[in-house]
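In what follows, a structure is listed as structure tokens, so that the remarks can point back to it.
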Protein chains: 2
Amino acid sequence: MEISTKHLPADERRALTIEAVIELAGLQNPSKITTSAIAKQMNLTQGALFRHFSTKEALWQAVMEWVKDRLLARIDQAAHNIQSPLAAMEAIFMSHIEFVIEHPGVPRMLFGELQQAEPTPAKRVAHSLVQRYIERICACIEQGKAIKEISLDVDTRSAATFFLGTVQGLVMQSLLTGDIQRIRIEAPGVFILYRRGIRG
Amino acid sequence: MEISTKHLPADERRALTIEAVIELAGLQNPSKITTSAIAKQMNLTQGALFRHFSTKEALWQAVMEWVKDRLLARIDQAAHNIQSPLAAMEAIFMSHIEFVIEHPGVPRMLFGELQQAEPTPAKRVAHSLVQRYIERICACIEQGKAIKEISLDVDTRSAATFFLGTVQGLVMQSLLTGDIQRIRIEAPGVFILYRRGIRG
DNA sequence: TAAGCTAGTGATTAATTACTTACTAGTCAT
DNA sequence: ATGACTAGTAAGTAATTAATCACTAGCTTA
């Protein structure tokens with residue numbers, strides 16, 4: 001239909017810009033994405049971007065907020081209405097993996113942003129995303145302990161960090177093989193190992 | 001004694017340059033380290049660097065080679081003379097953690113380099129480092145299976161990826177807290193979880 | 001001590017980058 | 001249709017970056 005229309009309303013253009021950044025982040029080092037590259041990706045001139053985002057930093061912040069909202073919503077929905085904490089964690093794990101497969105640039109941006117020396121606005125958002133994510137995993141683990149599904153001598157916080165590290169490890173693997181789809185196949189096996197590690 | 005001597009022999013200067021890069025990588029996003037910043041870190045003019053490295057890319061390759069040699073040597077030595085495969089893996093894990101604490105820039109550079117779109121020389125080296133690392137972990141796991149220390153229904157490759165991911169997760173945690181030392185405290189607990197996951 | 005080489009300086013360069021601006025095309029309400 | 005507003009263009013700017021170069025200080029050896 002309307003492929004590559006010029007003159008879009010501002011909010012649509014903003015949304016498209018964010019998507020363009022996330023797509024590019026899947027193809028190259030996120031911290032090397034230039035405003036020219038973003039503009040090119042969406043058939044726009046470079047200057048036009050600054051009509052919608054006052055600075056590049058503001059754009060990155062918007063991107064991280066998009067990521068935060070979507071990812072947290074996704075895992076919340078995945079865990080919704082699942083009684084068993086362990087089963088909820090498995091659902092969160094798998095939905096996170098699906099999210100990463102859809103948007104391979106996301107974990108790369110997250111990690112890159114957390115590395116930033118100065119506390120940029122985007123880093124702040126990334127930080128709060130990870131913290132909230134870990135809080136939710138911690139809550140599952142505590143519930144699991146309460147009903148003896150999870151071993152009491154597991155350190156909750158360590159196990160939650162470990163959970164996220166597992167995803168990160170799968171992402172690293174995909175960077176090595178260059179094949180993102182593979183992590184969908186490997187993920188269940190890796191989650192089994194994780195579950196055996198914390199089970200009561 | 002000889003603090004900040006000028007006019008060093010070329011190989012000493014090369015070594016100091018590599019160390020300067022690794023130190024800076026612990027403080028800021030590795031892909032944003034400029035040649036000026038490196039020179040400043042070692043009290044040298046920017047142009048002088050190019051007497052020792054033909055391009056910045058060549059410098060990065062040298063850095064990754066330094067990392068590869070040191071890290072592989074470290075884990076090999078850690079596993080040396082340990083009979084039990086599981087104990088060897090624990091020794092490798094802990095020595096890797098110690099290495100990361102000494103050089104927090106290293107895992108950040110590794111991950112960043114693997115993200116590079118074009119296959120730069122540095123990326124090639126990073127790639128081979130990770131592959132060799134994983135091969136060694138795979139070998140331990142296979143040995144462990146042979147003597148029933150490790151469960152036979154564990155997928156060797158997944159478990160090896162998982163091993164590295166665990167380290168990566170701890171690094172991520174340190175980026176969040178800003179405290180590298182903390183991972184030394186958390187590491188043993190996390191390894192216990194890992195071991196429980198694969199134990200026979 | 002003088003010659004010869006090595007390593008460092010400091011100024012310069014071309015390319016790239018985020019951002020600006022003067023102008024213009026497209027859209028929509030009246 | 002017209003006018004007002006919105007979004008896009010294209011050219012430009014200042015700052016930063018990797019790399020170069022002419023020159024020089026300082027070891028080393030004869």
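As the structure is a computational prediction, the values presented were derived from the model and not from experiment. What's counted below: heavy atoms across the whole structure, side chains too, no hydrogens, waters or symmetry copies. The sequence lines fix the lettering, A, B, ..., with proteins before strands; numbering per chain opens at 1.
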Examine D:dA18: is either OP1 or OP2 under 4.0 Å from a nitrogen or oxygen in the side chain of B:T35? Give yes or no.
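Yes.
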
Which letters describe nucleotides 24-30 of chain D, given B = protein heavy atom under 4.0 Å from base, S = only from sugar-phosphate, - = neither?
-BS----

Without decimals, in angstroms, what is the distance between [X] [atom1] and [N] [atom2]?
{"X": "B:L44", "N": "C:dT6", "atom1": "CG", "atom2": "P", "value": "18 Å"}
{"X": "A:D11", "N": "D:dA7", "atom1": "CG", "atom2": "C1'", "value": "12 Å"}
{"X": "B:I38", "N": "D:dA19", "atom1": "CD1", "atom2": "P", "value": "10 Å"}
{"X": "A:I33", "N": "C:dT16", "atom1": "CD1", "atom2": "C1'", "value": "16 Å"}
{"X": "B:L8", "N": "C:dG8", "atom1": "CG", "atom2": "P", "value": "6 Å"}
{"X": "B:K32", "N": "D:dA18", "atom1": "NZ", "atom2": "P", "value": "13 Å"}
{"X": "B:R14", "N": "C:dA7", "atom1": "CZ", "atom2": "P", "value": "11 Å"}

Qualifying salt bridge (charged side-chain N to carboxylate O under 4.0 Å, His left out) pairs with a residue from residues 173-191 of chain A, counting only residues at least two apart or across chains
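Residue pairs passing salt bridge (charged side-chain N to carboxylate O under 4.0 Å, His left out), neighbours aside: A:E98-A:R184, A:R182-A:E186.
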
Pairs meeting criterion salt bridge (charged side-chain N to carboxylate O under 4.0 Å, His left out) with involvement of residues 19-41 of chain B, two or more places apart:
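Those involving residues 19-41 of chain B do not exist here.
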
Qualifying residues under side chain to side chain contact (heavy atoms under 4.5 Å, CB included), relative to A:A48, sequence neighbours excluded:
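Residues passing side chain to side chain contact (heavy atoms under 4.5 Å, CB included) with A:A48: A:L44, A:T45.
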
[X] side chain to [Y] side chain, donor-acceptor N/O pair below 3.5 angstrom:
{"X": "A:S95", "Y": "A:Q77", "answer": "no"}
{"X": "A:S36", "Y": "A:Q46", "answer": "no"}
{"X": "B:T120", "Y": "B:E113", "answer": "yes"}
{"X": "B:T156", "Y": "B:E142", "answer": "yes"}

Taking the side chain of A:R13 as heavy atoms from C-beta outward, which of C:dT9, D:dA18, D:dG8 is closest to it?
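The answer is D:dG8.
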
B:T34 side chain: which of D:dA18, D:dA7, D:dT9 is closest?
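Output: D:dA18.
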
Counting only N and O atoms by type, is there a donor-acceptor contact under 3.5 Å from the side chain of B:R199 to the main-chain atoms of A:R196?
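The answer is no, because no donor-acceptor pair under 3.5 Å joins these two groups.
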
Test your reading of the model: is there a side-chain donor-acceptor pair from A:E149 to the backbone of A:L86, 3.5 Å cut-off?
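Yes.
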
Could you tell me, to 10°, how much the axis swings from one end of the helix from C:dT1-D:dA30 to C:dT30-D:dA1 to the other, five pairs per end?
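Taking the rotation axis at each end, their angle is 10°.
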
Please determine whether the number of non-hydrogen atoms from other residues, nucleotides or ligands lying under 6.0 Å from atom CZ of B:R74 exceeds 12.
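More than 12 heavy atoms, drawn from other residues, nucleotides or ligands, come within 6.0 Å of this atom.
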
Between A:R70 and A:E102, is there a side-chain N and carboxylate O pair less than 4.0 Å apart?
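Salt bridge absent between A:R70 and A:E102.
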
Hey, can you pull the residues of residues 46-60 of chain A with a non-hydrogen atom under 4.0 angstrom from DNA chain C?
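A:Q46, A:G47, A:F50, A:R51, A:T55, A:K56 - these, ordered by number, are the residues of the stretch whose heavy atoms sit under 4.0 Å from the strand.
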
